[in-house]
Colleague: 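Below: one structure in structure tokens.
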Amino acid sequence: MSVVGVAELAAMVPDGAKLVIAKDESGVAMAAALALIRRGVKNLHLVTVPVSGLETDMLIGAGCVATLETSAITLGEFGLAPCFSRAVKSGSIKLKDATCPAIYAGLQAAQKGLPFMPLRGILETDVLANRPDWKVIDNPFESGDRIVVLPAIVPDVALFHVPLADRHGNVFIGRQRELMLLAHAARSTIVTAEHITDDNLLEDEARSGSVIPALYVNAVAHAPRGAWPLGFGDAYPADAAWMSRYITEARTPAGFARMLEAALQGPGARLAA
Amino acid sequence: MSVVGVAELAAMVPDGAKLVIAKDESGVAMAAALALIRRGVKNLHLVTVPVSGLETDMLIGAGCVATLETSAITLGEFGLAPCFSRAVKSGSIKLKDATCPAIYAGLQAAQKGLPFMPLRGILETDVLANRPDWKVIDNPFESGDRIVVLPAIVPDVALFHVPLADRHGNVFIGRQRELMLLAHAARSTIVTAEHITDDNLLEDEARSGSVIPALYVNAVAHAPRGAWPLGFGDAYPADAAWMSRYITEARTPAGFARMLEAALQGPGARLAA
Amino acid sequence: MSAVAEVAARAAGPTEVLIHSIAGLLAGSRHVAVGASSPIPGAAALYTRAVSEGATRVSVLGSRRHNAFTNGGVELFDLAAQGRIDAFFLGGGQIDGAANINLVGVGSYPQMEVRWPGSFGSAYLYYLVPRVILFREEHTRRVFVPKVDFVSAPGPRDDGIYRPGGPHALITSLCLFDFDRARKRFVLRSVHPGHTVEEVRDNTGFDFDCPAQVPATPAPDAAALALIRGQVREEIGETYPKFAAQLAAV
Amino acid sequence: MSAVAEVAARAAGPTEVLIHSIAGLLAGSRHVAVGASSPIPGAAALYTRAVSEGATRVSVLGSRRHNAFTNGGVELFDLAAQGRIDAFFLGGGQIDGAANINLVGVGSYPQMEVRWPGSFGSAYLYYLVPRVILFREEHTRRVFVPKVDFVSAPGPRDDGIYRPGGPHALITSLCLFDFDRARKRFVLRSVHPGHTVEEVRDNTGFDFDCPAQVPATPAPDAAALALIRGQVREEIGETYPKFAAQLAAV
């Protein structure tokens, strides 16, 4: 494994890939998502773990997404996701509405090489009614106890942003343990990192338990402020001015195009080029 | 939560408890196990994750165990477990022979509040043939594909040894992630720690991802050299001389009694008293 | 004037009444979890923890200081299924009289006229958390409908499904309802200061039970206000700085 | 005399022949995992990694330096089910001609005459890892029996069970067998230096296929010996210091 540029990283997501991405609090690789848009990736099957915001909205707005598997898309305190809303109304993306633990369970089935996982709840909902790929069985240990079973979600590529990676491809995730699930479930994992260290993270006794080992990591790109315009942990907050402009402008395709252009000129520009 | 003595910790395991313990490499709370023996705990249902050695052999030898659920009991390079072998031959313990991933899967079902977990393999074995509590179903997503389903293993108490705990009850486990599974699956968790820190481990950005939060931890006891006669990570190796004597002496009940007496006088004596 | 009296000299605002009322619903919980974008429930949970002297544990998603989870996003859901979360909060773009909730949108799925974010964890947590508190400030017939357009999470039914959880209460800007699980109906418990039963009835699109006398929702006393304006405001400010600033300015 | 020639001047010992032979079985693997108490397989895997120039990844359970797992004891099993482990090693107190293995004991379960540790992960990994290498040094009729007393893990059968894995070869102190999965029989591939086909036959309790000409197991050449006695010995010594010391002294 070697450390690559963000554009090179984005080139590792083929058209039509099932791409799994993280929620805003986990670490969103916005610079890489912008690089994906720049190279014009098409027909993504996007899986959000379990929810998403700006990253999904911009990928949809830029016409990169064919199918969206999610528990919720929202820009949080900034408001509803405009491109997502527009795409839903126009029917331009195929929706696979889920519920948070069902996305985790599908990925855990993939992580464990299992065909399915059972999960409580979900019965008698319109979520289930609209997911013909989900099934209901009788609990084999208690007759009459119906339980939902969810097929494995096996992503082609996992993409996320982390605070620290080393040159071997080991990636430190701190308390964002769901990122390990993404990496374990996906066939390949590509990561952007705020910092790159020359040390071996697996040899750091304090950190090593929170490291995704290089075994799962296909490429790492150095991307300082790689989550912008989103925030990243304690490192930096969301760019509230940009987000507020986005939520208004992106209500129209032309306004979205302007915001996309601005983002492509933003702090990530030199990374994504 | 407060830091307690090892004897007080051992008093938290009632007779008849389903007690889950860790494999030698994960961190074995030998001082606490000796304290359990000293107080004469009875009728334990012992679950080993997934294998065990001296700890199980001594609990069996001392007559504390009614049921043993395990994938293997061995003293590793020192040889076969003498009290375990004797108990199997005499039929004095009820055996629930398993296979390593089945123990993990049963605990994961408990961790997830699920009635069962599916698992590949295991079919057509005498392991399965001797586990009437395990079932076989058709994969709901592929007719004719038989798959084993395992009921949740819900321990009453989890007991293990860790390198470091704080006074809030947060426990650092490093790369021994299986210990988190024990704590999550069990109704209560008691821990011995090599060191106790006055810091809050959750506030240590490097370590916090490898911390079992106090949420799951009912009591912590300070037990330096708490794994003796077993080794503990890089901190100290197994007491090879003691282990070699044990493997020979414990072949008879009288010899075992001598070794138990010696262990109760050993480095853990002042802890277990 | 004592310090408590001074900080509490200003009368309780509507947000403080909500925080105090929700905290009342949480009393006795061992573990309250608070989802994303939930400043008022978060403040109520932290208030409950403060008055419980630590007996109530609180996990605020999105917080670093008030969230001890270390096993990733799935941990909340695992804990809920184990029965280790006593109380949680859900909202709803639509809520009906059978306590069905809709977080997905208005119209026919999938190409809905109005699309909201999505169901989040509701389809699961509603079944598993014993005290789910429905919280929606906007109290209009647009929100409280005869029947939801999309069931993100269903109210209790006699269907034999494993369901240790379900709706406990509904709190809005106007009032507080209990939910009677046996009768599967909301029951008006109290109306917030400055509002009336008629106002509640006019703005609620579903039928509910209403006793002859409906008391006013109790306002927090001076000690409670001091706690909200002091420790609770400081604690919730870590996750919701804007909300904490508004709380100070009320 | 060059450094390589010097360290390899001593002829290959039986352990070195085993390490070298097993490494031959691992060639081309992307990821080899080695279980507990397995110094010779561990050395063979590290040898394979060294000659692959890093193309083969090795995970030695019990090692800190040669094991990158960070998700606990379940990670090996999860990886195996995903098809991310190409080769693994199993032993057997008893192994029969259909490649059934018994790690539990001799006699009738549960009160067996001789009790071994237990099945470990065999009941699972045997189904899932494409190249399971059976390794048992003791080559006697006590071990290689007509039919095992307890099936910890079954050899391949035509039963429609999901089974991407299974036995690939069996290596003992006397010889190397391939396992023919289609015919479900062991086939003698080679006999180790100093041993004979007759010796193998006399000490094997099951029937196996035997070509007219059975070659001798190739011994490691000077470069291979230098690698085993140098880098491999040093690397395996981290986990198995006693074994590494014996290897140096052979």
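First the proteins, then the strands, lettered A, B, ... as listed; each starts at 1.
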Colleague: Counting only non-hydrogen atoms closer than 4.5 Å, does A:L164 touch chain B with its backbone (N, CA, C, O), its side chain (CB onward), both, or neither?
Modeller: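 Neither part.
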Colleague: Would you indicate whether the side-chain heavy atoms of B:S208 and A:S210 approach each other to under 4.5 Å?
Modeller: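 No - every pair of side-chain heavy atoms lies 4.5 Å or more apart.
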Colleague: Please round to the nearest 0.5 Å and tell me the distance separating atom CE of B:M117 and atom CZ of A:F116.
Modeller: 10.0 Å
Colleague: Checking A:L150 against chain B: side chain, backbone, both or neither under 4.5 Å from a heavy atom?
Modeller: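 The answer is the backbone of A:L150.
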Colleague: Can you tell me which portion of A:R177 sits under 4.5 Å from chain B's heavy atoms? Options are side chain, backbone, both or neither.
Modeller: side chain
Colleague: Contact part of B:I173 toward chain A, heavy-atom cut-off under 4.5 Å: side chain, backbone, both or neither?
Modeller: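 Answer is neither: B:I173 stays 4.5 Å or more from chain A.
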Colleague: With a 4.5 Å cut-off on heavy-atom pairs, point out which of B:I137, B:N139, B:L202 contacts chain A the most.
Modeller: B:N139
Colleague: Could you walk me through whether A:E205 and B:D234 pass the side chain to side chain contact (heavy atoms under 4.5 Å, CB included) test, one step at a time?
Modeller: CA-CA 11 Å; A:E205 186 262 340; B:D234 286 342; over 6 Å; no
Colleague: Taking the side chain as every heavy atom from C-beta outward, state whether A:F141 and B:D133 have any atom pair closer than 4.5 Å.
Modeller: no
Colleague: Indicate yes or no: at least one non-hydrogen side-chain atom of A:P101 is less than 4.5 angstrom from one of B:K112.
Modeller: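 A:P101 does not reach B:K112 side chain to side chain.
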Colleague: Between B:Q108 and chain A, with a heavy-atom cut-off of 4.5 Å, which part of the residue counts as in contact: side chain, backbone, both or neither?
Modeller: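 For B:Q108, the side chain is the part near chain A, not the backbone.
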Colleague: Using non-hydrogen atoms and a 4.5 Å limit, figure out which bit of A:D204 sits close to chain B: side chain, backbone, both or neither.
Modeller: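 Contact with chain B: none, neither part.
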Colleague: If we only count heavy atoms from C-beta on, is the B:R175 to A:V211 side-chain gap below 4.5 Å?
Modeller: no
